[in-house]
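Below is one structure; the comments refer to it alone.
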Amino acid sequence: MLTVLLTALATGALVLLALNFTAGEKKVQQQLPRLYSTAHPQFERALGSLLGPGIVGGNAVTELINGDQIFPPMLATIKSAQKSVTFETYIYWSGDIGKQFADALSERARAGVPVHVLLDWVGSAKMEESYLAEMKEAGVQIEKFHKPHWYNLARLNNRTHRKLLVVDGQVGFTGGVGIAPAWTGHAQDPDHWRDSHYLVRGPAVAQMQATFLDNWLKVTGKVLHGEAYFPAIAPAGGQKAQMFSSSPSSGSESMQLMYHLAITAAERSIDLSVAYFVPDDLTRKLLMDALARGVRVRLVTPGEHTDTETVKAASRATWGELLQAGAEIYEYGPTMYHCKVMIVDQLLVSVGSTNFDNRSFRLNDEANLNVYDAAFAQRQTQVFEDDIRRSRRVTYEAWLERPWSEKLHEKMTGLLRSQL
């Protein structure tokens, strides 16, 4: 009987492991003919229909560069809350900035404002229990995404990587930052990372709120609605935008489809700021097709300073054919580069939590804001080119001559590509 029991337990463990290390839904090889450019009205119509939420006008999106610009307005907006606060993040660690957020959220809860916080169970593992205790005592409603239970052990590999803060249903923030000391400062040294976040006002904030509530409903079963969460929102600017999401539990193809549609429609330029760039075969083919029709492709990614050598090696293994075809790849020098921004033809800018890899496209819950505005795209291009000036360009010749130890490491990481 003991042998039978041990065999059953081992079999169950192997089944759970296999389920967690599959890529979710069946992988579909898209057939995506190029029918229009980004400037054609059909491009916006397609993305507005295929991705779910429609494109809405009247928005004002402002870029915030690095922690010194990002955290003060986030904290000030929380402190100004009168009706509701909804906050979802992957990384929440210990440190001064984590304490500041815990204090601000707790103060609003004590003042009677409904405050809802959704933290990823894995990403918040380094968070002090005292922060959680403080917030819970103050009345903050805190939940952990996919905290291990017997009924969700097969989904432990599905994390929420979304970064969303919405206050009073009127003001939103999204982008790449986590709540940890590495994101503070102004990217002045390797201990302070380079990242971008975005302040959003206008009708697109309601879509951001709906994206948060999607996961809140999954975890709690509670529907948050009413004027405190979805007030009437007056136009705040002239930008068109949409907030959309992807999740293995409710359709994981939308994020990759957005990237593929944009790459396929690109006519002049594709600029990618990516912390983790591990494209699959189809994505590389679409980038190669864009290069072949004369599209300039530029990429900024981490250099010497990175938080994961495994992903860096897996990324570098894919560069050869892109470099040979004319892509410009730059390694950021001063510190870890954590940005997640795509600019296409200086018309579309996509920002949010998504990395250019299988984990973001198929395993994690992600959320991106698409902004359709030439002036905004031009500003983000200037930010991108400032990053290039702090980076080292990688040539095809230098890539060929990298040490054999790096090539071996790259081969080894290829075995893990579905999880990166």
Side-chain angles (χ1 to χ4, degrees), residues 52-54 56-62 64 70-90 92 100-120 124 131-132 134-145 160 162-175 179 197-237 239 241-245 247 250 352-353 365 367-369:
V56 292
N59 302 286
V61 183
T62 304
L64 306 171
I70 295 166
F71 290 130
M74 290 181 72
L75 288 166
T77 304
I78 291 171
K79 293 172 184 177
S80 73
Q82 298 297 312
K83 296 181 178 179
S84 66
V85 178
T86 54
F87 182 41
E88 179 176 0
T89 190
Y90 177 66
Y92 196 133
Q100 289 178 49
F101 270 83
D103 290 347
L105 293 164
S106 298
E107 189 279 327
R108 284 293 80 199
R110 284 193 296 270
V113 176
V115 179
H116 312 275
V117 176
L118 181 58
L119 305 175
D120 186 78
S124 62
Y131 299 174
L132 292 170
E134 174 192 356
M135 288 191 280
K136 288 179 179 177
E137 184 178 357
V140 176
Q141 298 179 48
I142 303 176
E143 298 289 345
K144 293 288 187 79
F145 186 82
T160 180
R162 299 172 184 174
K163 285 92 173 175
L164 296 166
L165 170 65
V166 178
V167 173
D168 292 341
Q170 296 274 3
V171 183
F173 294 84
T174 192
I179 310 302
H197 222 62
Y198 300 84
L199 165 63
V200 186
R201 298 180 184 273
V205 175
Q207 297 179 352
M208 299 174 71
Q209 185 78 289
T211 301
F212 168 85
L213 295 178
D214 171 53
N215 270 351
W216 185 260
L217 178 61
K218 289 178 187 176
V219 173
T220 68
K222 298 175 182 178
V223 179
L224 304 178
H225 62 106
E227 189 177 357
Y229 303 96
F230 293 102
I233 302 178
Q239 298 169 352
Q242 68 179 149
M243 187 77 184
F244 72 102
S245 61
S247 169
S250 56
S353 64
D365 283 31
N368 265 39
L369 179 76

Considering all heavy atoms of both residues, which atom of Ala236 and which atom of Gly202 are nearest to each other, and what is their separation? CB-N, 3.9 Å

Donor-acceptor pair, side chain of [X] and main chain of [Y], under 3.5 angstrom:
| X | Y | answer |
| --- | --- | --- |
| Ser106 | Asp103 | no |
| Gln207 | Gly54 | yes |
| Thr174 | Gly352 | no |
| Gln239 | Val61 | yes |
| Glu88 | Arg162 | no |

Parallel, tilted or perpendicular: which one describes the rings of Phe101 and Phe87, with boundaries at 30° and 60°?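 Parallel, since the angle between the ring planes stays under 30°.
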
To the closest 0.5 Å, what do you measure between [atom1] ([X]) and [atom2] ([Y])?
| X | Y | atom1 | atom2 | value |
| --- | --- | --- | --- | --- |
| His225 | Leu217 | NE2 | CG | 11.0 Å |
| Asp168 | Thr86 | CG | OG1 | 9.5 Å |
| Glu143 | Trp216 | CD | CH2 | 5.0 Å |
| Leu118 | Asp365 | CG | CG | 9.5 Å |
| His197 | Met74 | NE2 | CE | 4.5 Å |

Run the salt bridge (charged side-chain N to carboxylate O under 4.0 Å, His left out) check on Glu107 and Lys79 step by step: do they pass? CA-CA 8 Å; Glu107 189 279 327; Lys79 293 172 184 177; over 6 Å; no

Which one of Val200, Leu199, Leu165, Ile233 satisfies the side chain to side chain contact (heavy atoms under 4.5 Å, CB included) criterion with Val171? Leu199

Going by side chain to side chain contact (heavy atoms under 4.5 Å, CB included), Thr89 matches just one of Asp120, Leu164, Leu119. Which one?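 Answer to the side chain to side chain contact (heavy atoms under 4.5 Å, CB included) test with Thr89 among Asp120, Leu164, Leu119: Leu119.
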
Compare all side-chain heavy atoms of Phe71 with those of Ile179 and state whether any distance is below 4.5 angstrom. yes

Evaluate the side-chain proximity of Phe212 to Val166: yes if any heavy-atom separation is below 4.5 Å, no if none is. no

Is there a side-chain contact (heavy atoms from CB on, under 4.5 Å) between Gln82 and Arg108 once you walk through the steps? CA-CA 8 Å; Gln82 298 297 312; Arg108 284 293 80 199; 3.9 Å; yes

